[in-house]
Amino acid sequence: MTKRYKVWVSRPLFAEALARLDQHVTLDAEAIERVHAPEQLRERLAGVDAAIVSLSDRVDAATLAGNGRLRVIANLAVGYNNLDIEALTRAGVLACNTPDVLNETTADYAWALMLAAARRVGAAERWLRAGHWTGAMRFDDWLGVDLHGKTLGILGMGRIGQAVARRASGFDMRVLYHNRSRLPESIERQCAARWVDQATLLRESDHLVLVLPYTPENHHVIGAAELAQMKRGSVLVNIARGGLVDEAALATALVSGQLAAAGLDVYEDEPAVHPALLELEQVVLSPHMGSASADTRRNMAQLAVDNVLAGLGLGSQAGHPPTPINPQVLHARGVLDKA
Ligand code: DGY
């Protein structure tokens, strides 16, 4: 079969996903993990018809300037704040992401962080491994914050937020959420969750989980003022995007005891972590791995491949990419007519 299209994969990916691409296109897959400088990214994208990229690849108008070839960008993530969707749409490039396949895994991880932060799992493990458990332990050592019977607040009640909420019934928690728009009653019932305004959410939550997409409008949606509004001694968990939280203000709130603990999977300036947070035992830190289970990462890779192939008009879903972000491009540019 003559391979008409060239596809670049910006990071090492599972062999089975690459093998599927390789059947249909000429493949150029990076063999080592790296962060691509804007100019490198521009060059790589200039020579291909489609690319699978990750969150560290920022694709904007400058990256696309002069690129008349690119048709599809498939992001290996559900969040796509690394993509300038307006610029991609203007350039006639179809953008796709990987929603849904990671909902349950990411929700599991929100609970892992919530439990670890509230019950001081990270600090206790470090203490034990350092050989400090040498004698009797005080009865009032390692006191944490309960989850059962408390109030869980969810800021951002999309599909992952809903999956976080559904798990709360096992902990006998009251669930409040805030979203710009209230969910249909049927979904609220499934999640046993009640809509409240943001101020109420901050004031009443014992555990607050951030699950909302990051946009310039919600930069530092949790800043010093919001942290001050939160219940004293509560726990904050961020599995969404680092820019939602003012990290310096969070460190101050933790030091003062306004917050008991925090669980963070995402950071304002990844891979850097605010130095003040690194100093604090009451913060559980992980390296943006919320969706990282073996099954889910494999499913994300396969979904990105589906999007690339279908966006190029190839394979069994030709013309119908499963999860487009800007589907109008398919019609406006006649991407598929040209395939
Ligand atoms: C996503 O998919 O947006 C996650 O943050 C990446 O793991």
Side-chain angles (χ1 to χ4, degrees), residues 9-14 17 30 33-36 51-60 72-85 88 94-114 116-117 154-164 179 208-219 221-222 236-245 247 262-273 284-308 321-326:
V9 181
S10 79
R11 68 189 311 182
L13 206 58
F14 300 107
E30 293 294 325
E33 207 68 62
R34 74 181 83 196
V35 174
H36 300 95
I52 295 182
V53 299
S54 66
L55 288 175
S56 61
D57 300 318
R58 309 200 71 80
V59 182
D60 56 19
V72 186
I73 282 280
N75 215 30
L76 264 176
V78 61
Y80 49 84
N81 52 305
N82 57 315
L83 305 181
D84 181 338
I85 298 300
L88 283 158
L94 178 72
C96 303
N97 64 342
T98 60
D100 295 329
V101 290
L102 46 60
N103 294 347
E104 303 300 324
T105 296
T106 309
D108 286 348
Y109 195 69
W111 280 90
L113 275 184
M114 222 186 316
I154 300 176
L155 188 55
M157 194 67 157
R159 286 163 292 200
I160 298 174
Q162 292 166 33
V164 172
N179 235 16
L208 179 66
V209 182
L210 309 183
V211 205
L212 63 172
Y214 176 71
T215 62
E217 291 73 43
N218 62 24
H219 180 72
V221 65
I222 301 295
L236 177 71
V237 165
N238 188 4
I239 54 157
R241 286 293 181 269
L244 296 169
V245 177
E247 289 176 349
L264 305 176
D265 187 44
V266 288
Y267 306 91
E268 287 196 71
D269 187 21
E270 291 176 12
V273 178
V284 177
L285 303 164
S286 63
H288 201 149
M289 54 185 256
S291 63
S293 76
D295 287 346
T296 290
R297 284 283 165 94
R298 288 201 137 83
N299 290 337
M300 289 167 73
Q302 294 290 7
L303 181 52
V305 169
D306 289 344
N307 279 316
V308 164
T323 51
I325 301 164
N326 57 353

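The first residue in the sequence is number 1, and the count goes up from there. Computed from a predicted model, the values in this text were never measured in an experiment. Atoms within a ligand are numbered from 1 in the order they appear, just like the ligands themselves.
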Q | Donor-acceptor contact below 3.5 Å, side chain Asn299 vs main chain Leu102 | A | no
Q. Which ligand 1 atoms are under 4.0 Å away from a heavy-atom of Ala77?
A. 1 (C), 2 (O), 3 (O)
Q) Distance-only, no hydrogens or angles: does the Asn179 side chain make a donor-acceptor pair with backbone N or O of Met157 under 3.5 Å? A) yes
Q.
side chain to side chain contact (heavy atoms under 4.5 Å, CB included), that's the test. Do Arg241 and His288 meet it? Break it down for me.
A. CA-CA 9 Å; Arg241 286 293 181 269; His288 201 149; 3.5 Å; yes
Q: Starting from atom 2 (O) of ligand 1, find the nearest protein heavy-atom neighbour and note its residue, name and distance.
A: Val78 N, 2.7 Å
Q: Applying side chain to side chain contact (heavy atoms under 4.5 Å, CB included), run through Ile239 and Val211 and close with a yes or a no.
A: CA-CA 6 Å; Ile239 54 157; Val211 205; 4.0 Å; yes
Q.
Give me the residue, atom name and distance of the protein heavy atom closest to atom 4 (C) of ligand 1.
A. His288 NE2, 3.6 Å
Q. What residue and atom, counting heavy atoms only, is the protein's closest point to atom 7 (O) of ligand 1, and at what distance?
A. Ser291 OG, 3.0 Å
Q) Do any N or O atoms from the side chain of Glu247 and from the backbone of Glu268 form a donor-acceptor pair under 3.5 angstrom? A) yes
Q | Ionic contact status for Glu33 with Arg11, cut-off 4.0 Å | A | yes
Q: Output the list of atoms in ligand 1 that are nearer than 4.0 Å to some heavy atom of Arg297, sorted by atom number.
A: 7 (O)
Q) Quick check: does any side chain N or O of Asn218 sit under 3.5 Å from a backbone N or O of Tyr214, one acting as donor and the other as acceptor? A) no
Q) Touching ligand 1 at all, Arg241? Heavy atoms, strictly under 4.0 Å? A) yes
**Q.** Residue part near ligand 1, for Leu102, under 4.0 Å between non-hydrogen atoms
**A.** side chain
Q | Numbered atoms of ligand 1 (with element) below 4.0 Å of Leu55, judged on heavy atoms | A | 6 (C)
Q. Judging by distance only, is a nitrogen or oxygen of Gly79 under 3.5 angstrom from one on ligand 1?
A. yes
Q) Looking at ligand 1, does Thr98 have a heavy atom less than 4.0 Å from it? A) no
